[in-house]
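One structure below.
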Amino acid sequence: MMLTCTLLLMVLGAVLVMAASPPVAERIGLAEHHFVFRQIFFMLPALLVMLVTSILTERTIRILCLLGGMVITGLMVATLAIGPEVKGATRWLMLGGLRLQPSEFIKPILVIISAWLLGLWREQEGFPGWAWASAVVGVIVAILILQPDVGMTAVVVLTFGFQMFLAGLPLLLIGVALALAPLAVIMAYSFLDHVRLRVDKFFTGGNLQTERSIQSFVEGGWYGVGPGDGRVKLHLPDAHADFIFSVAAEEYGLIACLFLIGLFGFIVIRGYAQSLIAKDMFSMLAVSGLATQFGVQAAIHMASSLNLIPTKGMTLPFISYGGSSLVASGLTLGLILALSRKQHPSEQENFAPEQMMPEASR
Amino acid sequence: MRNNTPSSPERSNAMSAIWRRIWPSRPDPDKSRRIARARLLVAGAMATSCFMGISAKAVWLVSGQDEAKNGQMQTQANAARGAIYDRKGRLLASTLPIMRLHLDPKMVLNPYEVATKLAPLLPGKSEQDILKALARKSRYVELDRKITPARHAAIMQLGLPGVNISATSLRSYPHGPEAAHLVGQVDRDGQGIAGVEKSMQAKLAAGENVNLSIDLGVQAIVRQSLSHQIERFEAVGGASLVMDMKNGEIISLVSLPDYDPNHFAEARDDARFNRATKGVFEMGSIFKVLNTAIALESDAASLVSSYDVSKPLRISGYSIRDFHPRKRALNLSEVLVYSSNIGSAKIAEAIGPEIQQSYMEKLGLLNRPALELPETAQPLMPRKWGRLSTITISYGYGLSVSPVHAVGAIAAAAGNGEFIAPTLLLREPDEVFERTRIFSAETNRKVRSMMRLVVSHKDGTANYADAPGYLVGAKTGSAEKLKIGARGYNKKANLTSIVAAFPIHDPRYLIFVMVDEPKPQKFSHGYATAGWVAAPVIAEIVKKAAPVLGVLPVDIKAPEIRQNLEPNLNIGGKGAIFASF
């Protein structure tokens, strides 16, 4: 079911990039279907990553995530030093002719690692998992802020917050965290110029991008103006990435948008349902955490194109153009599939977590 | 932590107990999982409401658009708004489908590209004009309202985003200012906001045509004659009405200054004002026609009644004088022909306030007229209709009415004695309409004969109104205007008016002409009275309009004409004089 939805999303993504990207490509002097070919090209590794990941065992996943996490953190530090600056941010590494965004991959890996640490905290005596997890997340957040990448920071922090909440963070501390949240927002507002600009524009309404995005919903109506006939893509700077939902709204209409929202909503709720019946704390935190991350990212993308929140350049998983994003989304879904598949009895025999953590699984 | 003071070991213990509760050192996996499941349900609910919220906003945006689209459909339906025609089927107002070119500067990618590609296709627009239009903040900048099909196709071929063409409609008034006030105006959504466009809104909006009683030919003659006289006498404005006395149809309605309804926005307030129906004035001496008719009809006077006008009449501290004082007694016809205020006052005293008021009521002078225009006026009446009011009203002061009021009332006195509410709509040939008999044929015959003498007798005030062969009868009025913002009358600001009927032996058309604040001129020997200003307009209108209206000149000495006029009028004490001379 989840796999079907994901494949559907990937197909829709190809269709929408085909609709949204040609004007963008033309504007920056690339071949008309440059982004379309690339997107379809990246669908192969994304699918591969998803399918391979989905058949991995829980143990392999932990080990790979631990190793991968270290490598990618290293790459992220490297981007700060040697990465090219694009639109005021250094998030990318040049790898041959490809531009790689390591932070896209750290997101799902971080979910696994913090789920692991928080699970241990709840199941093993004397292990301050919350502290370890907070420390790991803190390091990553620090690097993200240095890049800077406020959107990704928000996703990571929200996801971790969700995991802590699920892991039993006392309500008192939740209250304190919620009280401190405005402080973080105010700090971001006062220390990051582009955040201040966006927030100001959200409240004063002077944001051209948002107005055009809203206009695309109005123009599209229920059934859309028709594939290729949309205009918003001619004006929005990253129509094929950060505003692809608006392109969908204009060309394919409200019905298509509601269908997309439904697909994302379904994947999130399905992930939650799977984690409800998870056999241990780790699977529960990992699967629901990944689903949350996936949902938060989709929700931020859609909400900012509807002007419900200040604009935040955020890709719509599987739909937006972007190789790293696409492959990382494949990784996320692969992990969800792998960890929620664990309930199968035959596999439980093959895999014995007791061997690793005797205390954890009584 | 400041609690390591020796005095508070209990407090330290309590703190660590709370800490252990928050952060238990011994994990309880089952409990943790129960908590996690419960909280997962909370998170699920939050996620669901989050996605619902996003969907709701999208639906809200789109359904708002549906209403906007419906609005557009409505304006398109207005393309079928009915046309307005004159009595001979000439078009006064119609709706044309047009193509409108407009820019949305925000959607334009490259203003210079748009300017260079568009300018050659738009006559009269330079690249600079287009760039200037594109620099505007608005989302809608109209460049051209009349795009031909060929240019439409060429512009669409350019495929420039932000350059839009939309079908719309334009209310067009092919005769421009000729009938501006009575036809009226529509707003930008095509809804009538003035004149017949407003009063007939329901019918026009349903796509039905409206046929007016107006004759565009007569309208043009009247407008030109009146306009010429306003210029000659440097007047501030004027109004004129021509009415068919047989059925109440208004043949012409002019208010000057006027405006071109195709460019309504440029019209001055003064020009937009319809003096003929919305303005109320003290009409002055033309009311003496009514006074005479009422006196005859109510037996308050007869042709042989005699009134001493040698001394000014004093009443309630006011002194009533005549313009041309005469040192003798005048009979009833002389009072009208010489326009004696003193004589009229004495006649009115004989009539009495109650009878006068009831006639004014029946003649429609005390109510808003039932004319098919939104721009009608409520008359200004005396607060107390006593003896003084009765006297002043007899010669046209103290009761302010609009020209259309005056025309309706005087038509009853000068026509065939029936009051017919004036109408702007063409009557069906066999249409039955409301007519109220107020004066007898006998009274009418006498009043008409006196009106003829006002024109034909050398001492009458309307000699210049005569049009040979058409037997014009008339009564002039030169009223002083009330001072603006002060009590009393302004002796220098006159309202000159005349009401005329022709042909007087079988009256068909009533003409009212009013010229507002004419200045004395050298060619008029320093006069700016109605006889000099308004009367010549009547002559010109009759001479030019009678052929249009199908009225033929007659031999004024023919016996059948004499039969219809009163032979026993005595003017100037030299014996009976016949009215047609």
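Quick note on labels: first sequence line is chain A, next is B, and so on, each numbered from 1.
- Contact annotation: the side chain of Leu276(A) approaches that of Leu41(B) to within less than 4.5 Å [non-hydrogen atoms, C-beta and beyond].
- Residue Val268(A) comes nearest to Ala47(B) through the heavy atom pair CG1-CB, 4.2 Å, listed as atom of the first residue, atom of the second, then distance.
- When each of Val42(B), Ile35(B), Ile54(B) is checked for heavy-atom pairs under 4.5 Å with chain A, Ile54(B) comes out on top.
- If you measure heavy-atom distances from Ala167(A) to chain B, you find no contacts under 4.5 Å at all.
- Note: Met46(B) CE to Phe162(A) CZ = 9.5 Å, rounded to the nearest 0.5 Å.
- Interatomic distance, Asp280(A) CG to Ser32(B) OG, rounded to the nearest 0.5 Å: 12.0 Å.
- In this structure, Phe266(A) places its CZ atom where more than 12 heavy-atom neighbours from other residues, nucleotides or ligands lie under 6.0 Å away.
- A heavy-atom distance below 4.5 Å is not found between the side chains of Ile269(A) and Phe51(B).
- The nearest pair of heavy atoms linking Phe217(A) to Leu61(B) is CB-CD1, 3.8 Å.
- Here Ser275(A) is the residue among Cys257(A), Ser275(A), Ala249(A) with the most heavy-atom pairs under 4.5 Å with chain B.
- Counting heavy atoms from C-beta on, the side chains of Leu258(A) and Val59(B) come closer than 4.5 Å.
- Heavy atoms closer than 4.5 Å to chain A are found in both the backbone and the side chain of Ala58(B).
- What you find for Asn307(A) and Lys57(B) is that their closest heavy atoms are O-NZ, 3.9 Å.
- Here the CE atom belonging to Met284(A) is positioned 4.5 Å from the CZ atom belonging to Arg37(B), to the nearest 0.5 angstrom.
- When all heavy atoms of Ile174(A) and Arg39(B) are compared, the pair lying nearest together is CD1-NH1, 3.7 Å.
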